[in-house]
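This structure is a prediction, so every number in the text was calculated from the model and none was measured.
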Amino acid sequence: MKLWISSEADVDVAELYRETRIYIEKEVNDQLGEVKVDNLYEKWAFIAMIRENKGWADEIAKRHVKRKVLEFRLKIEHDVFLNGDFNARANLFLDSLRLSVDKMERLGISSDDRNKLYSVLESVRNDL
């Protein structure tokens with residue numbers, strides 16, 4: 001499984017988002033390469049919604065079996081992200097990724113595989 005991160009973000013957080021995304025995506029994918037998870041899904045798609053206007057979109061957790069994708073659109077608190085340092089922003093990302101793993105239970109991902117993903121996220125968090 002490979003993590004792919006995108007965003008729906010306000011322009012005032014665009015550069016901070018890019019810097020954080022590059023780091024998180026690389027670190028998580030490096031560790032995912034060493035972990036064997038159910039190969040039914042090849043892509044873990046995470047779309048970070050970082051918008052000042054909180055009422056503009058709903059969060060989503062769904063699977064695309066034919067495309068082999070688990071897709072998550074989760075909100076990250078705009079003001080906290082904007083005003084945080086790199087570690088705070090990275091931790092917000094990791095918290096949202098952890099929430100996406102929580103939501104994988106409803107999508108049929110085994111507890112064993114979810115625990116492997118939790119371990120990857122905590123390892124990345126510990127390396128910050």
Check step by step if side chain to side chain contact (heavy atoms under 4.5 Å, CB included) holds for L121 and E27.
CA-CA 9 Å; L121 296 175; E27 294 300 315; over 6 Å; no
Evaluate L82 against I50 for side chain to side chain contact (heavy atoms under 4.5 Å, CB included), listing each step before the verdict.
CA-CA 9 Å; L82 179 64; I50 310 170; over 6 Å; no
Donor-acceptor under 3.5 Å (S123 side chain, V120 main chain):
no
Go through the steps for F93 and Y23 under the test ring-ring contact (aromatic ring centres under 6.0 Å, His included), then give the verdict.
CA-CA 10 Å; F93 250 94; Y23 176 82; over 10 Å; no
Lys/Arg N to Asp/Glu carboxylate O, D102 vs R98, below 4.0 Å
no
Non-neighbouring partners of E71 that pass side chain to side chain donor-acceptor pair (under 3.5 Å), sequence neighbours left out
H64, R73
Between D10 and Y17, is a side chain to side chain donor-acceptor pair (under 3.5 Å) present by the stated rule, with each step listed?
CA-CA 10 Å; D10 287 343; Y17 158 78; over 6 Å; no
Gap separating the CD1 atom of I109 from the CG atom of N115, nearest 0.5 angstrom
13.0 Å
Given side chains that start at C-beta, do those of K43 and L70 come closer than 4.5 Å, heavy atoms only?
no
Could you go step by step and tell me if D127 and Q31 meet the side chain to side chain contact (heavy atoms under 4.5 Å, CB included) rule?
CA-CA 12 Å; D127 289 342; Q31 292 196 31; 3.9 Å; yes
Is D12 salt-bridged to R51, cutoff N-O under 4.0 Å?
no
Can you measure from CD (E52) to CD (E77) and round to the nearest 0.5 angstrom?
10.0 Å
Mind checking whether I22 and L128 sit in one hydrophobic cluster, side chains of I, L, V, M, F, W, Y counted as touching below 4.5 Å?
no
Are L99 and F72 packed together at the side-chain level, in the sense that at least one heavy-atom pair is separated by less than 4.5 angstrom?
no
Nearest 0.5 Å, what's the CG-CE distance between D58 and M49?
7.5 Å
Please check if L32 and L107 belong to a single hydrophobic cluster, counting links between Ile, Leu, Val, Met, Phe, Trp and Tyr side chain heavy atoms closer than 4.5 Å.
yes
Between I60 and L74, is any pair of side-chain heavy atoms under 4.5 Å apart?
no
d(M104 CE, Y118 OH) to nearest 0.5 Å is 8.5 Å
In the structure I gave you, are the side-chain heavy atoms of W44 and V69 within less than 4.5 Å of one another anywhere?
no
Single-linkage hydrophobic cluster I47~L3, side-chain heavy atoms < 4.5 angstrom
no
Kindly indicate whether the side chain of I76, heavy atoms from C-beta on, has any atom under 4.5 Å from the side chain of V13.
no
Can you find a pair of side-chain heavy atoms, one from N29 and one from W4, that are under 4.5 Å apart?
no
For residues K68 and L40, determine if any side-chain heavy atom of one lies less than 4.5 Å from a side-chain heavy atom of the other.
no
Apply salt bridge (charged side-chain N to carboxylate O under 4.0 Å, His left out) to residues K36 and D113 and explain how you reach the verdict.
CA-CA 8 Å; K36 177 85 170 128; D113 282 347; over 6 Å; no
Taken to the nearest 0.5 Å, the spacing of R114 CZ from S119 OG works out to 12.5 Å
Electrostatic pair E42:R67 at N-O distance under 4.0 angstrom:
no
Is the CG atom of N126 crowded by more than 12 outside heavy atoms at less than 6.0 Å?
yes
Which value, rounded to the nearest 0.5 Å, describes the distance between K75 atom NZ and S96 atom OG?
11.5 Å
Before giving the answer on side chain to side chain contact (heavy atoms under 4.5 Å, CB included), spell out for F81 and T20 the whole-Å C-alpha distance, their side-chain angles and the decisive distance to 0.1 Å.
CA-CA 10 Å; F81 189 86; T20 310; 4.0 Å; yes
Heavy atoms from other residues, nucleotides or ligands near CD of E122 exceed 12 (cutoff 6.0 Å):
yes
Check whether Y41 forms a cation-pi arrangement with R63 (NZ or CZ under 6.0 Å from the six-membered ring centre, at most 45° off the ring normal).
no
Can you check whether V124 reaches D30 side chain to side chain, under 4.5 Å on heavy atoms?
no
Taking the basic N atoms (NZ, or NE/NH1/NH2) and the acidic carboxylate oxygens, is any pair closer than 4.0 Å for R89 and D85?
no
Going hydrophobic residue to hydrophobic residue with side-chain gaps under 4.5 angstrom, can you get from L16 over to I5?
yes
